[in-house]
Peer 1: 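The structure follows.
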Amino acid sequence: MAKNGKFLGRAILLCVLGVIFMFVYSGLQSDQINIIQAFVTPDNGGWTPAQTQLPMTVGNFVCIILTFVYGSLFIKFGVKKPLIIVLIITAIGTLGIAAANGLDCNGGAASGNYAIYAVSMFIVRCGCMILQMAGFQLVANWFIRYRGMIMGIVTMGSPLFSVIGTAVMTNFIAKSLGGDYRPFYILIAVIIVIICIVVAIGIKDTPEEAGLFPDGADHKPLSEANDEVKLTVGDVLKQKKAWQLIISFGAFQFTIAACMGSMAVRYMALGGLEVWLKAVTFLAIGAILGIPMSFVFGFLDDKFGSVKASIILGLTELIPVLALMFQPMGGSVPLMVVWGFGVACMTGGVPTLHPCITSFAYGRREYQSANRIIMAIQLIPYSFAAMMMITLISQGKSNLAFGILIVVIIIGIVATASMLKMKDANYLDRGLGKDANKGIEEAKAAQAE
(Lines give C-alpha, C1' and ligand atoms only; values in the text may rest on other atoms or scores of the structure.)
Protein backbone atom coordinates (compact mmCIF):
# COMPACT_ATOMS: atom_id res chain seq x y z
CA MET A 1 0.00 0.00 0.00
CA ALA A 2 2.87 2.33 0.88
CA LYS A 3 4.45 1.71 -2.51
CA ASN A 4 1.16 2.44 -4.26
CA GLY A 5 0.94 5.75 -2.41
CA LYS A 6 4.53 6.53 -3.31
CA PHE A 7 3.84 5.75 -6.95
CA LEU A 8 0.69 7.88 -6.97
CA GLY A 9 2.56 10.90 -5.63
CA ARG A 10 5.26 10.62 -8.26
CA ALA A 11 2.68 9.95 -10.99
CA ILE A 12 0.76 13.11 -10.09
CA LEU A 13 3.95 15.20 -10.17
CA LEU A 14 4.92 13.67 -13.51
CA CYS A 15 1.47 14.46 -14.96
CA VAL A 16 1.56 18.07 -13.76
CA LEU A 17 5.07 18.58 -15.10
CA GLY A 18 4.12 16.85 -18.34
CA VAL A 19 1.24 19.27 -18.90
CA ILE A 20 3.62 22.20 -18.33
CA PHE A 21 6.21 20.62 -20.65
CA MET A 22 3.68 20.37 -23.46
CA PHE A 23 2.25 23.83 -22.76
CA VAL A 24 5.64 25.50 -23.15
CA TYR A 25 6.75 23.22 -26.00
CA SER A 26 3.59 23.77 -28.02
CA GLY A 27 3.91 27.51 -27.70
CA LEU A 28 7.58 27.78 -28.53
CA GLN A 29 7.66 25.14 -31.24
CA SER A 30 5.06 26.61 -33.60
CA ASP A 31 2.14 28.50 -32.02
CA GLN A 32 4.22 31.54 -31.02
CA ILE A 33 4.71 32.51 -34.66
CA ASN A 34 1.03 33.47 -34.80
CA ILE A 35 1.59 35.92 -31.94
CA ILE A 36 4.72 37.36 -33.55
CA GLN A 37 3.16 37.72 -37.00
CA ALA A 38 0.14 39.50 -35.50
CA PHE A 39 2.33 42.27 -34.04
CA VAL A 40 5.24 42.34 -36.48
CA THR A 41 3.84 43.12 -39.93
CA PRO A 42 5.26 44.57 -43.15
CA ASP A 43 2.27 46.90 -43.44
CA ASN A 44 3.54 48.74 -40.37
CA GLY A 45 7.21 48.70 -41.30
CA GLY A 46 8.05 45.37 -39.67
CA TRP A 47 9.67 42.21 -40.91
CA THR A 48 7.73 40.06 -43.40
CA PRO A 49 6.06 36.75 -42.43
CA ALA A 50 8.80 34.92 -44.35
CA GLN A 51 11.49 36.72 -42.33
CA THR A 52 9.88 36.00 -38.96
CA GLN A 53 9.32 32.36 -39.95
CA LEU A 54 12.81 31.78 -41.41
CA PRO A 55 14.78 31.08 -38.18
CA MET A 56 12.07 28.65 -37.08
CA THR A 57 12.28 26.87 -40.43
CA VAL A 58 16.07 26.63 -40.17
CA GLY A 59 15.64 25.40 -36.60
CA ASN A 60 13.18 22.78 -37.81
CA PHE A 61 15.85 21.30 -40.05
CA VAL A 62 18.51 21.39 -37.34
CA CYS A 63 16.04 19.62 -35.04
CA ILE A 64 16.19 16.65 -37.37
CA ILE A 65 19.71 16.06 -36.09
CA LEU A 66 18.93 17.19 -32.55
CA THR A 67 16.12 14.64 -32.26
CA PHE A 68 18.69 11.88 -32.62
CA VAL A 69 21.13 13.74 -30.35
CA TYR A 70 18.59 14.32 -27.57
CA GLY A 71 17.35 10.73 -27.79
CA SER A 72 20.89 9.39 -27.60
CA LEU A 73 21.62 11.61 -24.59
CA PHE A 74 18.52 10.24 -22.84
CA ILE A 75 19.74 6.69 -23.43
CA LYS A 76 23.26 7.46 -22.17
CA PHE A 77 22.62 9.94 -19.31
CA GLY A 78 18.91 9.65 -18.53
CA VAL A 79 16.30 12.36 -19.04
CA LYS A 80 17.03 14.87 -16.26
CA LYS A 81 20.57 16.07 -16.97
CA PRO A 82 20.21 16.83 -20.72
CA LEU A 83 16.77 18.36 -20.10
CA ILE A 84 17.98 20.89 -17.51
CA ILE A 85 21.02 22.00 -19.53
CA VAL A 86 19.05 22.53 -22.75
CA LEU A 87 16.23 24.34 -20.95
CA ILE A 88 18.60 26.89 -19.44
CA ILE A 89 19.85 27.72 -22.95
CA THR A 90 16.23 27.93 -24.17
CA ALA A 91 15.32 30.41 -21.43
CA ILE A 92 18.15 32.68 -22.58
CA GLY A 93 16.73 32.46 -26.11
CA THR A 94 13.26 33.61 -25.02
CA LEU A 95 14.82 36.66 -23.38
CA GLY A 96 16.66 37.30 -26.66
CA ILE A 97 13.36 37.41 -28.59
CA ALA A 98 12.10 40.06 -26.18
CA ALA A 99 15.34 42.03 -26.50
CA ALA A 100 15.19 41.94 -30.32
CA ASN A 101 12.01 44.10 -30.36
CA GLY A 102 10.99 45.05 -33.97
CA LEU A 103 7.34 45.38 -32.94
CA ASP A 104 4.87 47.48 -34.93
CA CYS A 105 3.97 49.43 -31.79
CA ASN A 106 7.60 50.47 -31.34
CA GLY A 107 8.29 51.51 -34.92
CA GLY A 108 8.67 48.22 -36.74
CA ALA A 109 11.97 46.93 -38.10
CA ALA A 110 13.68 50.25 -37.38
CA SER A 111 13.27 49.59 -33.64
CA GLY A 112 14.55 46.03 -33.75
CA ASN A 113 17.59 43.89 -34.38
CA TYR A 114 16.81 41.08 -36.79
CA ALA A 115 20.08 39.25 -36.10
CA ILE A 116 19.24 38.96 -32.39
CA TYR A 117 15.69 37.90 -33.26
CA ALA A 118 16.85 35.24 -35.73
CA VAL A 119 19.49 33.74 -33.42
CA SER A 120 17.18 33.77 -30.40
CA MET A 121 14.25 32.25 -32.29
CA PHE A 122 16.56 29.57 -33.68
CA ILE A 123 17.82 28.70 -30.17
CA VAL A 124 14.29 28.54 -28.77
CA ARG A 125 13.04 26.32 -31.60
CA CYS A 126 15.95 23.91 -31.18
CA GLY A 127 15.76 23.86 -27.39
CA CYS A 128 12.04 23.57 -26.78
CA MET A 129 11.83 20.21 -28.56
CA ILE A 130 13.56 18.49 -25.64
CA LEU A 131 10.49 19.24 -23.49
CA GLN A 132 8.27 17.08 -25.69
CA MET A 133 10.83 14.30 -25.98
CA ALA A 134 11.48 14.28 -22.24
CA GLY A 135 7.79 14.25 -21.36
CA PHE A 136 7.06 11.39 -23.74
CA GLN A 137 10.08 9.41 -22.52
CA LEU A 138 9.06 9.77 -18.88
CA VAL A 139 5.49 8.63 -19.59
CA ALA A 140 6.80 5.68 -21.63
CA ASN A 141 9.11 4.76 -18.73
CA TRP A 142 6.52 5.04 -15.95
CA PHE A 143 3.37 3.71 -17.64
CA ILE A 144 2.49 0.76 -19.87
CA ARG A 145 -1.11 -0.30 -19.24
CA TYR A 146 -2.36 3.27 -18.83
CA ARG A 147 0.05 5.02 -21.18
CA GLY A 148 -2.76 6.28 -23.43
CA MET A 149 -4.74 8.03 -20.71
CA ILE A 150 -1.63 9.40 -18.98
CA MET A 151 -0.31 10.64 -22.31
CA GLY A 152 -3.75 12.16 -22.88
CA ILE A 153 -3.43 14.07 -19.61
CA VAL A 154 0.11 15.24 -20.34
CA THR A 155 -0.67 16.42 -23.86
CA MET A 156 -3.52 18.59 -22.61
CA GLY A 157 -0.78 21.18 -22.35
CA SER A 158 -0.74 21.66 -26.13
CA PRO A 159 -4.33 22.86 -26.61
CA LEU A 160 -4.06 24.68 -23.28
CA PHE A 161 -1.42 26.92 -24.82
CA SER A 162 -3.69 27.60 -27.77
CA VAL A 163 -6.21 28.96 -25.24
CA ILE A 164 -3.97 30.84 -22.85
CA GLY A 165 -1.05 31.44 -25.17
CA THR A 166 -2.26 32.09 -28.69
CA ALA A 167 -5.87 33.10 -28.11
CA VAL A 168 -5.89 34.90 -24.75
CA MET A 169 -2.39 36.35 -25.09
CA THR A 170 -3.02 37.68 -28.61
CA ASN A 171 -6.05 39.59 -27.40
CA PHE A 172 -4.34 40.66 -24.16
CA ILE A 173 -1.24 41.87 -25.98
CA ALA A 174 -3.35 43.76 -28.53
CA LYS A 175 -5.77 45.39 -26.09
CA SER A 176 -3.87 45.70 -22.81
CA LEU A 177 -0.21 45.91 -23.80
CA GLY A 178 -0.64 47.98 -26.94
CA GLY A 179 0.84 45.27 -29.14
CA ASP A 180 3.99 44.69 -27.04
CA TYR A 181 4.58 40.95 -26.58
CA ARG A 182 7.90 41.25 -24.72
CA PRO A 183 6.43 40.59 -21.22
CA PHE A 184 5.04 37.31 -22.60
CA TYR A 185 8.55 36.06 -23.44
CA ILE A 186 9.97 37.19 -20.11
CA LEU A 187 7.24 35.18 -18.36
CA ILE A 188 8.12 32.09 -20.43
CA ALA A 189 11.76 32.41 -19.34
CA VAL A 190 10.70 32.48 -15.69
CA ILE A 191 8.50 29.41 -16.17
CA ILE A 192 11.40 27.51 -17.76
CA VAL A 193 13.69 28.26 -14.80
CA ILE A 194 11.02 26.98 -12.39
CA ILE A 195 10.67 23.81 -14.47
CA CYS A 196 14.42 23.16 -14.15
CA ILE A 197 14.28 23.46 -10.36
CA VAL A 198 11.32 21.10 -9.98
CA VAL A 199 12.82 18.52 -12.35
CA ALA A 200 16.12 18.54 -10.47
CA ILE A 201 14.40 17.95 -7.13
CA GLY A 202 11.38 15.76 -7.84
CA ILE A 203 11.82 13.57 -10.94
CA LYS A 204 13.27 10.06 -11.38
CA ASP A 205 13.92 8.77 -14.90
CA THR A 206 12.23 5.40 -14.29
CA PRO A 207 9.99 3.90 -11.58
CA GLU A 208 12.68 1.29 -10.95
CA GLU A 209 15.02 4.07 -9.76
CA ALA A 210 12.44 4.84 -7.06
CA GLY A 211 12.01 1.16 -6.12
CA LEU A 212 8.73 0.90 -8.04
CA PHE A 213 7.28 -0.74 -11.15
CA PRO A 214 5.38 0.82 -14.10
CA ASP A 215 1.71 1.66 -13.42
CA GLY A 216 2.28 1.10 -9.69
CA ALA A 217 2.19 -2.68 -10.24
CA ASP A 218 3.57 -5.17 -7.73
CA HIS A 219 5.70 -6.96 -10.30
CA LYS A 220 8.05 -6.11 -13.13
CA PRO A 221 6.52 -5.88 -16.65
CA LEU A 222 5.55 -9.31 -17.98
CA SER A 223 6.30 -8.32 -21.56
CA GLU A 224 9.92 -7.48 -20.78
CA ALA A 225 11.26 -10.98 -20.19
CA ASN A 226 13.87 -10.64 -22.90
CA ASP A 227 17.00 -8.56 -22.60
CA GLU A 228 16.84 -5.03 -23.92
CA VAL A 229 18.31 -4.52 -27.38
CA LYS A 230 19.91 -1.18 -28.27
CA LEU A 231 18.66 -0.57 -31.80
CA THR A 232 21.08 1.07 -34.20
CA VAL A 233 20.13 3.34 -37.07
CA GLY A 234 20.58 0.44 -39.47
CA ASP A 235 18.42 -1.87 -37.35
CA VAL A 236 15.50 0.58 -37.37
CA LEU A 237 15.75 1.51 -41.05
CA LYS A 238 15.53 -2.18 -42.03
CA GLN A 239 12.24 -2.67 -40.21
CA LYS A 240 8.91 -2.40 -42.02
CA LYS A 241 7.16 -1.15 -38.88
CA ALA A 242 9.58 1.76 -38.63
CA TRP A 243 8.62 3.00 -42.09
CA GLN A 244 4.94 2.50 -41.36
CA LEU A 245 5.36 4.80 -38.35
CA ILE A 246 7.50 7.28 -40.26
CA ILE A 247 4.91 7.67 -43.02
CA SER A 248 1.76 7.62 -40.89
CA PHE A 249 2.65 10.09 -38.18
CA GLY A 250 5.04 11.92 -40.44
CA ALA A 251 1.93 12.83 -42.45
CA PHE A 252 -0.15 13.72 -39.39
CA GLN A 253 2.62 15.87 -37.88
CA PHE A 254 3.21 17.61 -41.22
CA THR A 255 -0.46 18.57 -41.30
CA ILE A 256 -0.59 20.01 -37.79
CA ALA A 257 2.60 22.02 -38.39
CA ALA A 258 1.25 23.32 -41.69
CA CYS A 259 -2.12 24.36 -40.26
CA MET A 260 -1.00 25.78 -36.93
CA GLY A 261 2.00 27.58 -38.40
CA SER A 262 0.06 29.38 -41.13
CA MET A 263 -3.42 30.03 -39.74
CA ALA A 264 -2.70 33.66 -38.84
CA VAL A 265 -1.40 34.36 -42.36
CA ARG A 266 -4.42 32.59 -43.87
CA TYR A 267 -6.99 34.63 -41.94
CA MET A 268 -5.10 37.90 -42.31
CA ALA A 269 -5.02 37.29 -46.07
CA LEU A 270 -8.83 37.12 -45.91
CA GLY A 271 -9.24 40.52 -44.28
CA GLY A 272 -6.35 41.57 -42.06
CA LEU A 273 -5.97 41.58 -38.29
CA GLU A 274 -9.73 42.06 -37.75
CA VAL A 275 -10.55 38.70 -39.35
CA TRP A 276 -7.70 36.97 -37.50
CA LEU A 277 -8.84 38.33 -34.13
CA LYS A 278 -12.37 37.09 -34.88
CA ALA A 279 -10.95 33.67 -35.75
CA VAL A 280 -8.90 33.65 -32.55
CA THR A 281 -12.16 33.48 -30.58
CA PHE A 282 -13.03 30.19 -32.25
CA LEU A 283 -9.44 29.03 -31.92
CA ALA A 284 -9.88 29.52 -28.18
CA ILE A 285 -13.06 27.44 -28.21
CA GLY A 286 -11.35 24.74 -30.24
CA ALA A 287 -8.33 24.79 -27.98
CA ILE A 288 -10.56 24.43 -24.90
CA LEU A 289 -12.21 21.41 -26.54
CA GLY A 290 -8.73 20.12 -27.38
CA ILE A 291 -8.03 19.67 -23.68
CA PRO A 292 -10.63 16.90 -23.17
CA MET A 293 -9.91 15.60 -26.70
CA SER A 294 -6.36 14.78 -25.57
CA PHE A 295 -7.82 12.51 -22.91
CA VAL A 296 -10.42 11.11 -25.34
CA PHE A 297 -7.73 9.99 -27.77
CA GLY A 298 -5.71 8.56 -24.88
CA PHE A 299 -8.79 6.61 -23.75
CA LEU A 300 -9.31 5.32 -27.30
CA ASP A 301 -5.69 4.20 -27.36
CA ASP A 302 -6.02 2.18 -24.15
CA LYS A 303 -9.46 0.82 -25.07
CA PHE A 304 -9.06 -0.07 -28.76
CA GLY A 305 -5.33 0.06 -29.37
CA SER A 306 -3.02 2.64 -30.90
CA VAL A 307 -3.67 1.81 -34.55
CA LYS A 308 -7.46 2.16 -34.51
CA ALA A 309 -7.23 5.34 -32.45
CA SER A 310 -4.71 6.78 -34.94
CA ILE A 311 -6.96 6.03 -37.92
CA ILE A 312 -9.73 8.02 -36.24
CA LEU A 313 -7.25 10.83 -35.68
CA GLY A 314 -6.28 10.87 -39.35
CA LEU A 315 -9.91 11.23 -40.42
CA THR A 316 -10.44 14.15 -38.03
CA GLU A 317 -7.38 15.96 -39.45
CA LEU A 318 -9.36 16.53 -42.64
CA ILE A 319 -11.79 18.80 -40.73
CA PRO A 320 -9.56 21.85 -40.05
CA VAL A 321 -7.91 21.60 -43.48
CA LEU A 322 -11.23 21.70 -45.33
CA ALA A 323 -12.55 24.48 -43.09
CA LEU A 324 -9.52 26.66 -43.82
CA MET A 325 -9.59 25.80 -47.50
CA PHE A 326 -13.17 26.97 -48.00
CA GLN A 327 -12.97 30.15 -45.90
CA PRO A 328 -14.29 33.12 -47.97
CA MET A 329 -13.00 36.69 -47.90
CA GLY A 330 -13.93 38.29 -44.60
CA GLY A 331 -14.18 34.89 -42.96
CA SER A 332 -17.16 32.61 -42.30
CA VAL A 333 -18.29 32.10 -38.70
CA PRO A 334 -19.82 28.62 -39.35
CA LEU A 335 -16.58 27.48 -40.99
CA MET A 336 -14.62 28.99 -38.11
CA VAL A 337 -16.69 26.85 -35.73
CA VAL A 338 -15.89 23.73 -37.77
CA TRP A 339 -12.23 24.77 -37.95
CA GLY A 340 -12.14 25.23 -34.16
CA PHE A 341 -13.43 21.69 -33.61
CA GLY A 342 -10.87 20.37 -36.08
CA VAL A 343 -8.12 22.18 -34.20
CA ALA A 344 -9.36 20.47 -31.01
CA CYS A 345 -9.00 17.03 -32.56
CA MET A 346 -5.64 17.83 -34.14
CA THR A 347 -3.96 19.50 -31.17
CA GLY A 348 -5.41 16.97 -28.76
CA GLY A 349 -4.82 13.84 -30.81
CA VAL A 350 -1.48 14.13 -32.60
CA PRO A 351 0.73 14.77 -29.53
CA THR A 352 -1.11 12.08 -27.56
CA LEU A 353 -1.04 9.26 -30.09
CA HIS A 354 2.39 9.86 -31.63
CA PRO A 355 4.37 8.46 -28.66
CA CYS A 356 1.66 5.88 -27.99
CA ILE A 357 1.94 4.28 -31.40
CA THR A 358 5.75 4.24 -31.18
CA SER A 359 5.47 2.50 -27.80
CA PHE A 360 2.91 0.16 -29.37
CA ALA A 361 5.39 -0.89 -32.03
CA TYR A 362 8.57 -1.04 -29.93
CA GLY A 363 7.65 -1.34 -26.26
CA ARG A 364 8.84 0.59 -23.24
CA ARG A 365 12.53 -0.31 -23.31
CA GLU A 366 13.04 0.13 -27.04
CA TYR A 367 10.96 3.31 -27.29
CA GLN A 368 13.76 5.87 -27.36
CA SER A 369 16.19 3.73 -29.37
CA ALA A 370 13.63 3.69 -32.18
CA ASN A 371 11.97 7.07 -31.54
CA ARG A 372 15.16 9.13 -31.93
CA ILE A 373 15.54 7.76 -35.48
CA ILE A 374 11.89 7.64 -36.55
CA MET A 375 11.13 11.12 -35.22
CA ALA A 376 14.25 12.57 -36.85
CA ILE A 377 13.12 11.34 -40.27
CA GLN A 378 9.56 12.57 -39.67
CA LEU A 379 10.93 16.03 -39.01
CA ILE A 380 12.35 16.34 -42.54
CA PRO A 381 9.01 17.11 -44.25
CA TYR A 382 7.69 18.68 -41.03
CA SER A 383 10.47 21.26 -41.16
CA PHE A 384 9.18 23.06 -44.23
CA ALA A 385 5.43 22.53 -43.68
CA ALA A 386 4.65 25.98 -42.28
CA MET A 387 6.95 27.79 -44.71
CA MET A 388 5.36 25.95 -47.65
CA MET A 389 1.89 27.02 -46.52
CA ILE A 390 2.88 30.63 -45.81
CA THR A 391 4.57 30.93 -49.20
CA LEU A 392 1.65 29.46 -51.17
CA ILE A 393 -0.97 31.46 -49.24
CA SER A 394 1.01 34.67 -49.72
CA GLN A 395 1.12 33.92 -53.48
CA GLY A 396 -2.67 33.49 -53.60
CA LYS A 397 -2.44 29.69 -54.02
CA SER A 398 -4.37 28.63 -50.93
CA ASN A 399 -6.36 25.89 -52.70
CA LEU A 400 -3.14 24.25 -53.86
CA ALA A 401 -1.70 24.45 -50.35
CA PHE A 402 -4.70 22.82 -48.69
CA GLY A 403 -5.07 20.31 -51.53
CA ILE A 404 -1.54 19.10 -50.79
CA LEU A 405 -2.48 18.64 -47.14
CA ILE A 406 -5.52 16.52 -48.04
CA VAL A 407 -3.33 14.17 -50.08
CA VAL A 408 -0.79 13.97 -47.23
CA ILE A 409 -3.52 13.05 -44.71
CA ILE A 410 -4.88 10.28 -46.95
CA ILE A 411 -1.37 8.81 -47.27
CA GLY A 412 -1.06 8.89 -43.48
CA ILE A 413 -4.38 7.08 -42.96
CA VAL A 414 -3.44 4.34 -45.43
CA ALA A 415 -0.03 3.83 -43.78
CA THR A 416 -1.68 3.62 -40.35
CA ALA A 417 -4.27 1.09 -41.55
CA SER A 418 -1.45 -1.15 -42.77
CA MET A 419 -0.53 -1.77 -39.08
CA LEU A 420 -3.93 -3.16 -38.05
CA LYS A 421 -2.63 -6.72 -37.72
CA MET A 422 0.42 -5.75 -35.67
CA LYS A 423 0.41 -6.74 -31.98
CA ASP A 424 1.31 -4.31 -29.19
CA ALA A 425 4.93 -4.86 -28.06
CA ASN A 426 3.77 -4.67 -24.42
CA TYR A 427 0.63 -6.70 -25.09
CA LEU A 428 0.82 -8.75 -21.89
CA ASP A 429 0.86 -5.64 -19.72
CA ARG A 430 -1.74 -3.69 -21.67
CA GLY A 431 -4.78 -5.91 -20.97
CA LEU A 432 -5.90 -5.73 -24.60
CA GLY A 433 -7.95 -8.36 -26.40
CA LYS A 434 -9.91 -11.47 -25.39
CA ASP A 435 -6.85 -13.58 -24.58
CA ALA A 436 -5.07 -10.93 -22.51
CA ASN A 437 -5.88 -12.42 -19.07
CA LYS A 438 -4.82 -15.89 -20.16
CA GLY A 439 -1.56 -14.49 -21.53
CA ILE A 440 -0.92 -12.57 -18.32
CA GLU A 441 -1.33 -15.68 -16.17
CA GLU A 442 1.02 -17.64 -18.43
CA ALA A 443 3.61 -14.87 -18.32
CA LYS A 444 3.40 -14.63 -14.52
CA ALA A 445 3.92 -18.38 -14.23
CA ALA A 446 6.94 -18.22 -16.54
CA GLN A 447 8.33 -15.25 -14.61
CA ALA A 448 7.95 -17.10 -11.29
CA GLU A 449 9.98 -19.98 -12.63
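Quick note: numbers below take in every heavy atom, side chains included, and nothing from hydrogens, waters or symmetry partners.
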Peer 1: Looking only at atom types and distance, does a side-chain atom of Thr316 sit under 3.5 Å from a main-chain N or O of Leu313, one as donor and one as acceptor?
Peer 2: yes
Peer 1: Output the distance between atom CZ (Arg266) and atom CG (Leu324), rounded to the nearest 0.5 Å.
Peer 2: 7.0 Å
Peer 1: In this structure, which one of Ile36, Val40, Ile173, Asn44 forms a side chain to side chain contact (heavy atoms under 4.5 Å, CB included) with Leu103?
Peer 2: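 Exactly one option meets the side chain to side chain contact (heavy atoms under 4.5 Å, CB included) with Leu103, and it is Val40.
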Peer 1: Checking Glu208 now: which residues fulfil side chain to side chain donor-acceptor pair (under 3.5 Å) with it, not counting sequence neighbours?
Peer 2: Arg364
Peer 1: Count the heavy atoms of every other residue, nucleotide or ligand shown that sit under 6.0 Å from CZ of Phe184, and state whether that count exceeds 12.
Peer 2: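 Yes - once you tally the heavy atoms of other residues, nucleotides and ligands closer than 6.0 Å, there are more than 12.
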Peer 1: Taking side chain as C-beta onward, heavy atoms only, is Ile411 less than 4.5 Å from Ser248?
Peer 2: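 Answer no - side chains too far apart.
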Peer 1: Identify the heavy atoms of Ala50 and Met387 that sit nearest to each other, and give their distance.
Peer 2: O-CE, 3.9 Å
Peer 1: A side-chain contact here means heavy atoms from C-beta on lying under 4.5 Å apart; do Ser398 and Met325 qualify?
Peer 2: no
Peer 1: To the nearest 0.5 Å, how far apart are OG1 in Thr94 and CD1 in Ile186?
Peer 2: 9.0 Å
Peer 1: For the OH atom on Tyr146, are there more than 12 heavy atoms of other groups (residues, nucleotides or ligands in this structure) within a distance under 6.0 Å?
Peer 2: no
Peer 1: Inspect the surroundings of CD in Glu274 and state if more than 12 heavy atoms from other residues, nucleotides or ligands are less than 6.0 Å away.
Peer 2: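 Incorrect, the count does not exceed 12.
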Peer 1: Distance check, rounded to the nearest 0.5 Å: Ile291 atom CD1 versus Ile153 atom CD1?
Peer 2: 13.0 Å
Peer 1: Would you tell me whether Thr206 and Asn141 have side-chain atoms, one donor and one acceptor, within less than 3.5 Å of each other?
Peer 2: no
Peer 1: Just wondering, do Leu177 and Pro183 contact through their side chains at under 4.5 Å, heavy atoms?
Peer 2: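 Yes, close enough: below the 4.5 Å cut-off.
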Peer 1: Just to verify, what does Asp205 make a salt bridge (charged side-chain N to carboxylate O under 4.0 Å, His left out) with, not counting sequence neighbours?
Peer 2: none
Peer 1: Please give me the minimum heavy-atom distance between Thr52 and Tyr117, naming the atom from each residue.
Peer 2: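 Reported closest heavy-atom pair: O-OH, 2.7 Å.
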Peer 1: Flag the pair Pro42 / Pro49 as yes when at least one side-chain heavy-atom distance between them is below 4.5 Å, and no otherwise.
Peer 2: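 Yes. Closest side-chain heavy atoms under 4.5 Å.
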Peer 1: Main chain of Leu237, side chain of Trp243: is a donor-acceptor contact present, judged purely on distance under 3.5 Å?
Peer 2: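 The answer is yes, because a donor-acceptor pair under 3.5 Å joins these two groups.
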Peer 1: Could you walk me through whether Ile92 and Ile123 pass the side-chain contact (heavy atoms from CB on, under 4.5 Å) test, one step at a time?
Peer 2: CA-CA 9 Å; Ile92 295 171; Ile123 290 172; over 6 Å; no
Peer 1: List the steps and the verdict of side-chain contact (heavy atoms from CB on, under 4.5 Å) for Leu392 and Ile404.
Peer 2: CA-CA 11 Å; Leu392 290 175; Ile404 291 172; 4.2 Å; yes
Peer 1: Output yes when a side-chain donor or acceptor of Thr48 lies under 3.5 Å from a complementary backbone atom of Gln51, and no otherwise.
Peer 2: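 Between the backbone of Gln51 and the side chain of Thr48 there is a qualifying donor-acceptor contact (under 3.5 Å).
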Peer 1: What is the minimum heavy-atom distance between Thr67 and Met133, and which atoms define it?
Peer 2: O-CE, 3.3 Å
Peer 1: Can you see which heavy atom on Ala385 is nearest to which on Ala258, and at what distance?
Peer 2: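 That closest heavy-atom pairing would be CB-N, 3.8 Å.
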Peer 1: Quick one, Val69 and Arg372 - any side-chain contact, counting heavy atoms below 4.5 Å?
Peer 2: no
Peer 1: Determine, stepwise, if the pair Tyr185 / Leu95 fulfils side-chain contact (heavy atoms from CB on, under 4.5 Å).
Peer 2: CA-CA 6 Å; Tyr185 282 99; Leu95 293 176; over 6 Å; no
Peer 1: Looking only at non-hydrogen atoms, find the nearest pair between Gly412 and Ala251 and report the distance.
Peer 2: CA-CB, 3.6 Å
Peer 1: Could you check whether any side-chain heavy atom of Cys15 comes within less than 4.5 Å of a side-chain heavy atom of Ile150, counting everything from C-beta outward?
Peer 2: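 Side chain of Cys15 against side chain of Ile150, heavy atoms only: contact under 4.5 Å found.
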Peer 1: Using modelled atom types and a 3.5 Å cut-off, is there a donor and acceptor pairing between side-chain atoms of Gln378 and backbone atoms of Phe252?
Peer 2: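 The answer is no, because no donor-acceptor pair under 3.5 Å joins these two groups.
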Peer 1: Could you measure the distance from the CG atom of Leu131 to the CG atom of Leu83? Nearest 0.5 Å is fine.
Peer 2: 6.0 Å
Peer 1: Could you tell me if the side chain of Ser359 sits less than 4.5 Å from the side chain of Asn426, heavy atoms only?
Peer 2: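 Side chain of Asn426 against side chain of Ser359, heavy atoms only: no contact under 4.5 Å found.
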Peer 1: Between the side chain of Asp215 and the main-chain N/O of Phe143, is any donor-acceptor distance below 3.5 Å?
Peer 2: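 Such a contact is absent between Asp215 side chain and Phe143 backbone.
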Peer 1: When you measure from the side chain of Asn34 to the backbone N and O of Met260, does any donor-acceptor pair fall under 3.5 Å?
Peer 2: yes
Peer 1: Within the distance-only criterion (no hydrogens, no angle test), does the side chain of Asn113 pair as donor or acceptor with the backbone N or O of Ala100 below 3.5 angstrom?
Peer 2: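 Such a contact is absent between Asn113 side chain and Ala100 backbone.
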Peer 1: Give a yes or no on whether the backbone of Lys204 and the side-chain of Lys80 come within a donor-acceptor separation of less than 3.5 Å.
Peer 2: no
Peer 1: Any luck finding a side-chain donor-acceptor pair between Gln327 and Ser332 under 3.5 Å?
Peer 2: no
Peer 1: For Phe402 and Met389, which heavy atoms make the closest approach, and how far apart are they?
Peer 2: CE2-CE, 3.4 Å
Peer 1: Please state whether the rings of Phe7 and Trp142 are parallel, tilted or perpendicular, taking 30° and 60° as the class boundaries.
Peer 2: tilted
Peer 1: For the residue pair Pro55 and Val119, establish whether any side-chain heavy-atom pair is separated by less than 4.5 Å.
Peer 2: no
Peer 1: Using a 3.5 Å distance criterion without hydrogens, assess whether the side chain of Lys175 forms a donor-acceptor pair with backbone atoms of Thr170.
Peer 2: no
Peer 1: Distance only, no hydrogens: is a donor on one side chain within 3.5 Å (strictly under) of an acceptor on the other, for Tyr181 and Gln32?
Peer 2: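 No, Gln32 and Tyr181 have no side-chain donor paired with an acceptor closer than 3.5 Å.
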Peer 1: Could you give me the CA-CA distance, side-chain angles and deciding distance for Phe282 and Val333, then say whether side-chain contact (heavy atoms from CB on, under 4.5 Å) is met?
Peer 2: CA-CA 9 Å; Phe282 298 97; Val333 170; 3.5 Å; yes
Peer 1: Once you round to the nearest 0.5 Å, how far does CG of Leu315 lie from OG1 of Thr416?
Peer 2: 9.5 Å
Peer 1: Output the distance between atom OG1 (Thr352) and atom CE (Met151), rounded to the nearest 0.5 Å.
Peer 2: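 One gets 8.0 Å once the value is rounded to the nearest 0.5 Å.
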Peer 1: Given the side-chain rings of Tyr267 and Trp339, with only the six-membered ring counted for Trp, is the space between their centroids under 6.0 Å?
Peer 2: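 So the answer is yes for these two rings.
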Peer 1: Heavy-atom count check: over 12 atoms from other residues, nucleotides or ligands less than 6.0 Å from Lys308 NZ?
Peer 2: no
Peer 1: Please confirm whether Lys241 makes a cation-pi placement over Tyr362, using NZ or CZ under 6.0 Å from the six-membered ring centre and within 45° of the ring normal.
Peer 2: yes
Peer 1: With no hydrogens and no angle check, is any side-chain donor or acceptor of Arg125 less than 3.5 Å from a backbone partner on Leu28?
Peer 2: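 Here the side-chain-to-backbone pair does not exist.
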